[in-house]
Amino acid sequence: MEKLNMSRRSFVKTAAVAGAVCAVAGQSGTNFVEAAHADTSSSGEEKVVHTACRACISNCAVKVTVRDGRVVRIVGDEIDPMSKGRICAKGAAGIQALYNPNRLKYPMKRVGERGTNNWERITWEEALDTIADKLMDLYEQDPMTLVVSGGGGGNPQFYSQMRFLQAFDGGNFFEPGCAQCYLPRNHAQPVMNGQTDNSIADSNAYEIYYSGNQYGDNMCKCLVLWGTDPSQSCPASGGRALCNLRENGTKTVVIDPRFTPDASKADIWLPIRPGTDVALELSWIKYILDNKLYDEEFCMKWTNLPFLINPETKYTYKASELGFEVDEAEDKYTFVVWDKTQNAPRPAPFPWDDTLDAQMDGEFEYNGVTGIKTGFRALKECCEEWTLAKAAEVCWLDEDKIEEAIKLYVENSPNAGISLGVATDQYEQSAQAAMGTTIIDIIMGNVDNPGNLTQQRPAQNPGTYLVPAYDKYGYNEMGPTYETELRRLGYIEHKGLGFWKASHIGTIRTALETGEPYLPRVWIDRSGNKPAMLGGARHFLEAAKKFELIVHMYMYPTAMSVEMADIILPAAEWLETSYACDRCNVFLIRQRVVQLFECVDETLMWSWLTKKLADKGHPKCQRSFTGDFSNVEKLSKNWLTYEEYEEFLASVISRSFTKKYPEGLTWEQCKELMPMEITEEESWVQNSYGYYKQISPTTGKPYGFSRTTSLRCEPYAEGMIRLGRTGNSAGKDSMGFSFPAASVDYPPLPYYREPHESPVVGDDGYDAQYPYTLTEGRVPMYHHGTLRNVPYLREIYPVPLTWINPKTAAEVGVETGDWIKLTSRRDSTHGKVLVTEGIAPGVLYQERFWNPELLDSDDPSQAWKAMNINLLTKHDEPYNDEYGTYTLRGFQVNIEKSTKPEGVWEDPEEFEPWMPVPSDNTGGGDAVYDA
């Protein structure tokens with residue numbers, strides 16, 4: 001068979017022929033229907049659909065205009081309490097993504113060697129059979145040799161992969177945006193504050209959307225943006241809210257190496273050296289403690305800082321451990337303080353006993369045991385060396401500016417808060433950075449007050465991701481076994497990964513290289529472009545050649561599909577999918593607006609594959625369809641059709657409207673009713689203020705902080721110790737398992753460690769060949785590795801700009817517009833210079849990038865090598881102990897003047913081949929597989 005040689009610039013209008021061999025990146029015009037240039041003529045049939053965007057993780061409400069069965073307009077929906085009718089460039093580009101001429105339109109299998117970019121169209125039946133046959137072979141030999149992965153930006157079915165692995169009875173899951181994006185904050189902060197993380201971009205910092213509204217003086221008076229830039233990462237929601245806060249008087253501090261839009265509007269900007277955030281956090285804690293600026297009453301009554309620590313176990317003493325007689329039911333929440341009046345230990349019950357005269361700071365001897373400290377003393381000692389002067393030296397900051405920032409935050413407490421962003425998730429101290437900012441908010445009492453980002457507002461649904469793993473709600477027969485969990489690659493050493501049921505990327509790579517403890521054999525990936533998004537990309541992909549079968553699920557071709565895949569499955573765009581999501585106090589739905597080609601929601605892909613395995617005799621996959629396992633009303637069975645899946649979504653939504661609709665809602669009713677407010681807004685906003693003090697009707701006691709084992713905030717994070725020793729901060733994981741301890745204890749308090757690659761002369765990590773520190777960060781046009789093939793977005797930001805301070809530029813001899821080569825100890829890539837005072841001397845910034853236009857070149861690998869800083873990033877040890885994080889920011893590089901990589905597009909007219917091609921609604925997943 002001949003290869004289809006189609007010009008990317010000709011918009012060839014050729015019907016796809018089953019069995020034809022073609023290059024996936026040159027599919028322009030291979031639609032099922034004759035494709036023509038965009039036509040504005042209309043029969044007049046038009047409707048507006050209320051739905052929700054998924055160009056990133058935010059789920060902003062949008063209104064989509066459909067004319068004659070085609071999407072012609074996308075605008076924001078003002079009912080959304082977070083975006084209030086705003087929409088960002090990514091969401092507005094949904095039409096160009098949906099009708100992109102290079103959409104993956106049907107399943108394909110590779111012809112010839114990997115990387116040759118020759119493909120043959122196959123049916124869904126053949127694709128699923130081929131994959132299932134291989135998986136049955138794995139299942140019979142060792143199911144743990146299966147690897148599945150997610151990511152790619154905007155993937156709403158986060159737990160589908162884990163759910164599939166549990167039905168398969170083994171295997172490993174990973175995604176680049178796990179230990180390197182959000183997991184460290186998402187896990188560590190609730191372990192300490194008993195509530196939630198304070199990420200704005202991940203939509204947990206609800207308070208910014210209601211602060212200063214009509215329900216009283218609940219203004220956030222000071223907001224610290226630590227390594228987060230909402231005006232770029234979530235401009236329509238978090239960015240919009242911050243503009244409103246600033247207009248109403250909120251003071252802001254921005255801690256970021258870059259002069260971001262939020263930094264430009266901040267009262268104080270601290271351009272910190274990448275990788276040194278924990279040093280700065282420790283200086284804030286020391287300053288607050290030394291100057292007695294903390295909320296002493298809150299720290300005494302509602303934290304574990306006055307509790308005595310067992311010097312041997314490092315846990316806080318329970319009253320029964322020191323021989324006090326305590327009711328068995330109360331012992332769980334009864335700890336020990338040093339009573340000044342009695343000069344002896346005394347039980348501290350929950351809630352606090354006002355007759356206690358506890359000593360907050362101290363070290364004691366009791367019954368022959370020395371070195372018994374309070375949590376407060378341990379905290380003081382962990383930051384003792386971190387004066388403002390030392391932090392200024394390490395972080396490359398001005399000492400007076402650090403003090404000014406602390407005072408601004410302190411003076412506006414308890415109506416202040418810190419939002420920690422993704423920046424600190426991307427280097428070795430990811431856990432410690434999350435712990436440091438959490439401690440600062442706790443000791444200031446910035447918890448459950450108006451304006452605090454940490455609030456205990458009730459969740460409206462099982463979570464942002466509505467397809468839960470089988471063990472999400474506790475033990476059942478469909479969940480993993482102890483042996484399966486024990487063999488998950490890298491889990492025992494990095495147990496924080498268990499919170500997302502993930503394996504460790506570095507350990508997977510090592511297993512591929514060495515075959516130990518076993519050799520992974522099959523990789524199924526639902527994401528965008530692993531070569532561009534994985535740290536140390538070249539090394540991982542070299543190891544990945546050992547996979548016997550690689551399957552890629554996505555919407556359009558990327559370097560992952562062209563270079564790595566053996567089978568490609570076409571995924572649906574967000575305008576072709578259904579979903580349910582709450583935005584603050586409003587429930588939205590995403591609904592299928594159109595369905596094109598043979599593109600399928602990935603939720604159904606995993607279910608269809610499970611069904612194939614069941615048909616081939618896989619016993620656990622068979623059970624996953626019977627519904628005879630526990631919690632079936634929450635988990636449901638696998639869905640084989642959109643209708644079954646959508647009725648499940650309707651059942652999830654119904655749980656939030658039981659009073660109004662006691663009989664429940666159908667999906668058709670949801671489409672008619674949503675978006676809809678869940679409860680009375682004023683009550684929802686104000687209910688969380690002082691929630692920990694409110695009396696539970698069940699216990700007759702305050703609610704406290706229910707996600708900690710002590711019901712108090714725990715700045716002395718003994719839950720982290722317990723995590724490393726057992727697998728869960730409470731002592732057992734959700735399945736009731738307790739695992740072997742990691743090789744090192746996870747410390748309960750933060751500590752600073754200089755980056756492994758350091759610009760500090762004399763440090764062990766210093767190398768004069770690499771004098772500059774590189775960081776990265778988002779731009780508002782893209783989310784992770786997505787949308788580089790959308791013409792209008794590429795016109796706005798065609799190539800990655802390398803921010804260079806004028807002093808650094810003079811050293812290298814470059815000017816704005818020059819091309820440079822960046823080289824780390826691992827690899828080289830390119831960028832285009834922007835000389836700016838918006839980055840400190842000695843620091844460089846560049847956004848990760850890949851170039852779809854190069855997939856058609858003589859060397860398709862240049863698509864992910866030409867301008868991809870993830871070639872430079874550090875993917876190997878040392879990792880973060882708790883989460884296994886590798887280093888994406890704060891490593892050392894050198895730069896030199898270079899030339900533009902061949903074939904890279906910059907001029908607007910060059911992107912014309914990617915302009916949308918109108919396509920008829922051909923049924924998508926409904927039309928291609930009779931389940």
How about [X] and [Y]: does a side-chain donor come under 3.5 Å of a side-chain acceptor?
X	Y	value
D229	S231	no
S413	N446	yes
Y752	D277	no
Q432	N880	yes
Q232	R778	no
Y772	Q892	no
S149	E175	no
D256	W226	no
R848	H784	yes
N868	T829	no

Tell me if a side-chain donor or acceptor on [X] pairs with a main-chain N or O of [Y] at a distance below 3.5 Å.
X	Y	value
Q426	Q180	yes
R707	N193	no
D290	Y287	no
S729	V191	no
D763	S758	no
S283	L280	yes
T808	I804	no
D745	I721	no
R488	A502	yes
S824	L872	yes

Straight-line distance of [X] [atom1] to [Y] [atom2], nearest 0.5 Å:
X	Y	atom1	atom2	result
C713	L305	SG	CG	9.5 Å
N529	T558	CG	OG1	4.0 Å
R826	R538	CZ	CZ	12.5 Å
Y182	N186	OH	CG	4.0 Å
L749	M435	CG	CE	6.0 Å
E281	I255	CD	CD1	8.0 Å

Atom [atom1] of [X]: over 12 foreign heavy atoms under 6.0 Å:
X	atom1	result
E393	CD	no
K251	NZ	no
E815	CD	no

With salt bridge (charged side-chain N to carboxylate O under 4.0 Å, His left out) as the test, would you mind laying out the steps for E404 and K401 before giving the verdict?
CA-CA 5 Å; E404 186 181 345; K401 279 293 184 183; 3.5 Å; yes

Does Y716 have R377 sitting over its ring (NZ/CZ under 6.0 Å from centre, angle to axis within 45°)?
no

Among K495, H504, H187, H494, which residue meets the side-chain hydrogen bond (donor to acceptor under 3.5 Å, both in side chains) test with Y883?
H187

Where is the tightest heavy-atom contact between [X] and [Y], given as atom of each residue plus distance?
X	Y	result
L245	L223	CD1-CD2, 4.3 Å
G436	I285	O-CD1, 4.1 Å
A532	W850	CB-CB, 3.9 Å
G536	T873	N-OG1, 3.1 Å
W269	P257	CZ2-O, 3.7 Å
P531	A537	O-CB, 2.9 Å

Less than 4.5 Å apart, any side-chain heavy atom of [X] and any of [Y]?
X	Y	answer
K832	T802	no
I839	L844	no
R889	P755	no
I57	D202	yes
D767	E757	no
P271	L397	yes

Should [X] and [Y] count as an ion pair when the cut-off is N to O under 4.0 Å?
X	Y	result
K897	D818	yes
E811	K807	no
R258	E776	no
D262	R246	yes
E847	R788	yes
R722	E718	yes
D525	K530	yes
K390	E385	yes
K286	E384	yes

Assess whether side-chain contact (heavy atoms from CB on, under 4.5 Å) is satisfied between F173 and S503, documenting all intermediate values.
CA-CA 6 Å; F173 161 78; S503 300; 5.5 Å; no

Step by step, work out the side-chain contact (heavy atoms from CB on, under 4.5 Å) result for N870 and L534.
CA-CA 6 Å; N870 273 333; L534 282 169; over 6 Å; no

Could you check whether Y294 and F376 have their ring centres less than 6.0 Å apart?
yes

For M444 and I288: C-alpha separation, side-chain torsions, deciding distance, then whether side-chain contact (heavy atoms from CB on, under 4.5 Å) applies.
CA-CA 8 Å; M444 290 307 304; I288 291 169; 3.7 Å; yes

Apply the test side-chain contact (heavy atoms from CB on, under 4.5 Å) to residues T887 and Q429: give CA-CA distance (whole Å), side-chain angles for both, the deciding distance (0.1 Å), then the verdict.
CA-CA 9 Å; T887 301; Q429 291 211 278; over 6 Å; no

As a test of understanding, state which of T437, V224, V410 forms a side chain to side chain contact (heavy atoms under 4.5 Å, CB included) with W284.
V224

